[in-house]
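Read the structure below first, then the notes.
In this chain, numbering begins with 1 at the start of the sequence shown.
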Amino acid sequence: MRLDKYLKVSRLIKRRTTANEACDAGRVLLNGKAARASAAVKAGDRIDIQFGTKTVSVEVLDVRETVRKEDTEQLYRFL
């Protein structure tokens, strides 16, 4: 699955266009490297997102096309 879509489906970022812009600005790291929005995400990957001065780090546990809001916690784990 594409990184921008995963960020939206997992609700780490609310909109796919916002996720796309964050990737273009270099604020999203995939396994320690700056990632493009089209990068492939799989279980076991680490995603770091910079929100201003705060950085959120998560480990991808599962990749699904659609998920209910209540079940988003099953897709990732905070580090």
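Between Ala37 and Cys23, the shortest heavy-atom contact is N-CB, 3.7 Å. A pairwise comparison of heavy atoms in Val67 and Val9 identifies CG1-O, 3.5 Å as the closest pair. Closest approach of Leu12 and Phe51 over heavy atoms only: O-CZ, 3.8 Å. Asp4 approaches Arg16 most closely through the heavy-atom pair OD2-NE, 3.3 Å. Nearest heavy atom pair, residue Asp62 against residue Gln74, reads CB-O, 4.0 Å. The nearest pair of heavy atoms linking Leu30 to Ala40 is CD2-O, 3.7 Å.
Salt bridge present: Lys5 and Glu65 bring a charged side-chain N and a carboxylate O closer than 4.0 Å.
Two different hydrophobic clusters hold Leu61 and Phe78 under the rule that ILVMFWY side chains link at heavy-atom gaps under 4.5 Å. In the hydrophobic cluster analysis, where Ile, Leu, Val, Met, Phe, Trp and Tyr join through side-chain heavy atoms closer than 4.5 angstrom, Ile13 is grouped apart from Leu29.
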Given Arg64 and Leu75, is the side-chain contact (heavy atoms from CB on, under 4.5 Å) satisfied, shown in steps?
CA-CA 8 Å; Arg64 289 190 230 156; Leu75 297 180; 4.1 Å; yes
Mind running side-chain contact (heavy atoms from CB on, under 4.5 Å) on Leu3 and Ile47 for me, showing each step along the way?
CA-CA 9 Å; Leu3 177 59; Ile47 300 174; 3.9 Å; yes
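Using a 4.5 Å heavy-atom threshold, the side chains of Ser38 and Arg2 count as touching. Contact check for Asp45 versus Lys42: side-chain heavy atoms found under the 4.5 Å cut-off. Ser10 is not listed as a side-chain neighbour of Thr72, based on a closest heavy-atom distance of 4.5 Å or more.
Between the CG atom of Asp71 and the OG1 atom of Thr66 there is a distance of 10.0 Å, given to the nearest 0.5 Å. From Tyr76, atom OH reaches atom CG of Leu7 across 10.5 Å, with rounding to the nearest 0.5 Å. Distance check: Lys54 NZ to Ile49 CD1 gives 10.5 Å after rounding to the nearest 0.5 Å.
The 12-atom threshold is exceeded at CZ of Arg11, counting heavy atoms of other residues, nucleotides or ligands nearer than 6.0 Å. Residue Arg15 qualifies as open at atom CZ: its count of foreign heavy atoms under 6.0 Å is 12 or below.
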